[in-house]
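Single-structure report; data block below.
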Amino acid sequence: MNSDTLDCCCGAGKMGKGRHDFMTRVGDEIVVVKGVPALICDICGEVEYTLETSREIDAIMKDFLAGRLLAKPLAAGEIAFKPQRAGSTG
């Protein structure tokens, strides 16, 4: 195994370097930080951030919440989860 990959918690995949869009809800808004460096499983898609990257995300969100960053408007739709099939859990 090279030093750029780690085993994923799914037990089958390897975590490799990539980029991912971090999304979070702030009140009634959805905030997306695009192109965040991440470790991503090649099998299940699990995403993990390093401690340094997590701290950078925290700093970005702090600046956004304080009004020091402007976000481009993002069209989004919201749908509540309601099982449509018999036997689905909810």
Side-chain angles (χ1 to χ4, degrees):
M1 177 169 82
N2 76 41
S3 61
D4 288 345
T5 61
L6 301 170
D7 291 334
C8 180
C9 61
C10 72
K14 298 290 182 193
M15 304 294 285
K17 290 181 181 180
R19 299 257 173 193
H20 187 263
D21 293 346
F22 172 83
M23 288 190 289
T24 189
R25 180 184 292 267
V26 178
D28 288 335
E29 293 183 290
I30 301 294
V31 178
V32 180
V33 181
K34 296 187 64 72
V36 178
L39 295 172
I40 304 169
C41 178
D42 61 351
I43 300 295
C44 74
E46 174 73 21
V47 175
E48 293 182 6
Y49 302 110
T50 65
L51 180 57
E52 180 180 331
T53 298
S54 293
R55 288 180 175 153
E56 287 292 330
I57 292 169
D58 289 345
I60 289 168
M61 292 305 300
K62 184 177 179 180
D63 285 345
F64 173 75
L65 293 171
R68 292 187 290 267
L69 288 178
L70 295 177
K72 293 190 323 187
L74 176 69
E78 181 176 71
I79 301 169
F81 179 80
K82 293 182 184 171
Q84 302 294 312
R85 296 179 280 156
S88 294
T89 60

Legend entry - Arg19 vs Pro37 side-chain heavy atoms within contact, under 4.5 Å: yes
Legend entry - Within-4.5 Å side-chain heavy-atom neighbours: Lys34 and Lys72: no
Legend entry - Least distance between heavy atoms, Asp21 atom then Gly35 atom: OD1-N, 3.0 Å
Legend entry - Validation row: Met61, Val26 side chains within 4.5 angstrom (heavy atoms): yes
Inset, instruction - Starting at CZ of Arg68, measure out to CD1 of Ile60 and round the result to the nearest 0.5 Å. - result: 12.5 Å
Legend entry - From Cys10 atom SG to Met15 atom CE, the distance as rounded to the nearest 0.5 Å: 8.5 Å
Inset, instruction - Identify whether Val36 and Val31 are in the same connected component of the hydrophobic contact network (ILVMFWY, side-chain heavy atoms under 4.5 Å). - result: yes
Legend entry - Point-to-point distance, once rounded to the nearest 0.5 Å, from OG1 of Thr53 to NE2 of His20: 13.0 Å
Inset, instruction - Find out if a path of hydrophobic residues (ILVMFWY) with successive side-chain heavy-atom gaps under 4.5 Å connects Leu69 to Phe22. - result: yes
Inset, instruction - Mind checking the CD-SG spacing from Glu48 to Cys8? Nearest 0.5 Å is all I need. - result: 6.5 Å
Legend entry - In one Ile/Leu/Val/Met/Phe/Trp/Tyr side-chain cluster, 4.5 Å: Val32, Tyr49: no
Inset, instruction - Identify whether Leu74 and Met23 are in the same connected component of the hydrophobic contact network (ILVMFWY, side-chain heavy atoms under 4.5 Å). - result: yes
Inset, instruction - Please examine the side chains of Ile40 and Glu46, heavy atoms only from C-beta on, and report whether any two atoms are closer than 4.5 Å. - result: no
Legend entry - Cluster link Val33 to Phe64, ILVMFWY, side chain under 4.5 Å: yes
Inset, instruction - Mind listing the closest non-hydrogen atom pair of Cys41 and Cys44 along with its distance? - result: SG-N, 3.3 Å
Legend entry - Lys14 backbone acceptor or donor facing Asp42 side chain under 3.5 Å: yes
Inset, instruction - Report the distance from atom CD of Glu56 to atom CG of Leu51, rounding to the nearest 0.5 Å. - result: 11.0 Å
